[in-house]
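Each chain gets a letter, A, B and so on, in the order its sequence line appears, and its residues count up from 1.
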There are 2 protein chains.
Amino acid sequence: MLTSHQRKNDPEALRARLLDCAASLITEEGLPALTLDKVARLAGVSKGGLLHHFASKQALIDGLFAQVVAWFNGRVDALIAPDRNASARFSRAYLAVIAAIDMDEPEQRRLAVLILMLSSDPHHCARWNAWVEARLERHRSTDRSPLARTLRLAADGLWLSELGGGPDSGLEARSQVLGFLESLGSGTALSLATAKAGEP
Amino acid sequence: MLTSHQRKNDPEALRARLLDCAASLITEEGLPALTLDKVARLAGVSKGGLLHHFASKQALIDGLFAQVVAWFNGRVDALIAPDRNASARFSRAYLAVIAAIDMDEPEQRRLAVLILMLSSDPHHCARWNAWVEARLERHRSTDRSPLARTLRLAADGLWLSELGGGPDSGLEARSQVLGFLESLGSGTALSLATAKAGEP
DNA sequence: GTAAAAAAACCGTCTGGACGGTATGTCTTG
DNA sequence: CAAGACATACCGTCCAGACGGTTTTTTTAC
């Protein structure tokens, strides 16, 4: 029992748990099947409690989306910071973050799956694009080459494939592609070495 | 009023129109927002009329899915047939079909959007994978290289980006990437020249 | 420090509407 | 007149959100 003797009310933890449970449900049953009841039940609260923290279902999903984007953004920054090679810096980091996602780790898989789920909605799609465009603006001096574009597209494809469990997913396929892109970049001052490093 | 004086009954046309309207709605509002009522109304029939042709909502979506896959399959075949270069034949065709999609043509855009929409559902995702795997099996002697994989992934990324209207979409971006991949392939017996050809 | 007051956190129930699907017609076509 | 093509009416379910209450926490007042 968690509710033993001391009631440390901790609303923020609940908020986080609600987000977490929602993410979990989406990965398992898809976004259309998400209901407030299920989220509330899984989180161990009433629906009223849920609606206290998130005024509407949309607000819940938006919260989830914001969390994912923030996470992704952070990962990208973490990879860009120590990168001494300017060429396509952002796009390489973009690819690296996606390629480094471990689909067997529930938490990471969760975060990854989400963006696809949300991307099927034009509204969130636009928000994601806004983020990418903002970052591209920041890196406009380094990430406007066709190579940079291609890297990003390959990353998206990798992502999509990985999520769907397609024939080009899995560790083996991924490292094949990564290796190919790497070899390709060695001739054009591209290095994806940092891509394989995990945490700092 | 369309229902003026002459009722040319033509059930097949209606069936096609229903599929068309459903596709249209999905592209605009996303699959989760699709309802039988909307489809019926947009097609100018009653819900009962719709359900006469498609026994359930699932049947409607399945019908749509089958149509898209058949279309895609046909396009790929049309590109493979005259291709004298064996290397990564299927994967190049895969990329070419996607790259050749004109997003300004409502019909093509519709077909393209669908697969993403459907891919957000694990069930359809599996069906799509099954198709790809079947084709890969047929082309296992030509499309197992890392390059082939990369081509397919880039295609998926292109597709995804184009659908969402992201920063890497549009004719300019597309031709940049196409050109890059082409130049890259020129050293490895890869030619995407056929990719730019439209209809025969 | 402590009691009162206010606010926030959370619960359980209810409802109005949407939506998938059915049942039963009516009309057209062959 | 039989069968398919469609319309109309209706049912059961599910679900988002509203509402009113109860408990916990924080603030205020003394």
Side-chain angles (χ1 to χ4, degrees), chain A residues 1-26 28-65 117-118 120-121 123-124, chain B residues 1-26 28-65 117-118 120-121 123-124:
Chain A
M1 291 288 178
L2 300 168
T3 68
S4 50
H5 59 294
Q6 205 173 5
R7 262 296 205 181
K8 185 67 173 60
N9 219 347
D10 207 344
E12 287 190 31
L14 175 57
R15 206 188 129 92
R17 195 164 78 244
L18 287 167
L19 250 18
D20 201 53
C21 291
S24 197
L25 284 169
I26 290 177
E28 281 161 21
E29 308 173 16
L31 195 151
L34 187 74
T35 71
L36 295 184
D37 274 302
K38 284 182 192 169
V39 176
R41 212 177 314 137
L42 186 61
V45 293
S46 70
K47 192 157 67 171
L50 194 167
L51 284 164
H52 174 72
H53 288 280
F54 299 95
S56 71
K57 185 180 185 179
Q58 191 59 44
L60 176 67
I61 296 176
D62 285 349
L64 207 45
F65 188 82
M117 300 278 109
L118 303 178
S120 64
D121 175 28
H123 177 248
H124 290 105
Chain B
M1 293 292 173
L2 301 167
T3 67
S4 51
H5 60 294
Q6 204 173 6
R7 264 293 202 182
K8 185 69 174 64
N9 221 345
D10 206 344
E12 286 191 34
L14 175 57
R15 204 188 131 92
R17 195 164 80 242
L18 287 168
L19 249 17
D20 202 52
C21 292
S24 198
L25 284 170
I26 291 177
E28 281 161 21
E29 308 172 16
L31 194 151
L34 187 75
T35 72
L36 295 182
D37 275 299
K38 284 181 191 168
V39 176
R41 211 177 313 139
L42 185 61
V45 292
S46 67
K47 193 161 68 169
L50 194 168
L51 284 164
H52 175 71
H53 288 279
F54 298 95
S56 71
K57 184 182 185 179
Q58 192 57 43
L60 176 67
I61 296 176
D62 285 350
L64 206 47
F65 188 81
M117 300 279 110
L118 302 178
S120 64
D121 175 28
H123 177 248
H124 291 104

Visitor: Would you say that Leu19(A) contacts Phe54(A) through its side chain, given a criterion of any heavy-atom pair below 4.5 Å between the two side chains?
Guide: yes
Visitor: Let me know the distance between CG of Leu18(A) and P of dA16(D), rounded to the nearest Å.
Guide: 14 Å
Visitor: Hey, does Val45(B) have a side-chain heavy atom less than 4.5 Å from the side chain of Arg17(B)?
Guide: yes
Visitor: Measure the CG-OG distance between Leu36(B) and Ser56(B) for me, rounded to the nearest 0.5 Å.
Guide: 8.5 Å
Visitor: Tell me the interatomic distance from Ile61(A), atom CD1, to dG17(D), atom P, rounded to whole angstroms.
Guide: 10 Å
Visitor: In whole angstrom, what separates Phe54(B)'s CZ from dC6(D)'s P?
Guide: 12 Å
Visitor: Output yes when at least one side-chain N/O atom of His53(A) is less than 4.0 Å from OP1 or OP2 of dC10(C), else no.
Guide: yes
Visitor: Specify the separation, in whole Å, of atom CG of Leu14(A) and atom C1' of dA8(C).
Guide: 13 Å
Visitor: Which heavy atom of His124(B) sits nearest a heavy atom of Phe65(B), and at what distance?
Guide: O-CZ, 3.5 Å
Visitor: Could you pull out the closest heavy-atom pair between Lys38(B) and Glu29(B), with the gap in Å?
Guide: NZ-OE1, 2.9 Å
Visitor: Would you mind building the protein contact string for nucleotides 14-25 of chain C? One character per nucleotide, 5' to 3', B for base within reach (heavy atoms under 4.0 Å), S for sugar-phosphate only, - for untouched.
Guide: -----SBBB---
Visitor: Distance check: side-chain N/O of His52(B) vs OP1/OP2 of dA7(D), anything under 4.0 Å?
Guide: no
Visitor: Send over the distance from Glu12(B) CD to dG4(D) P, rounded to a whole Å.
Guide: 15 Å
Visitor: Measuring from atom CG of Leu14(A) to atom CG of Leu50(A), what distance do you get when rounded to the nearest 0.5 angstrom?
Guide: 8.0 Å
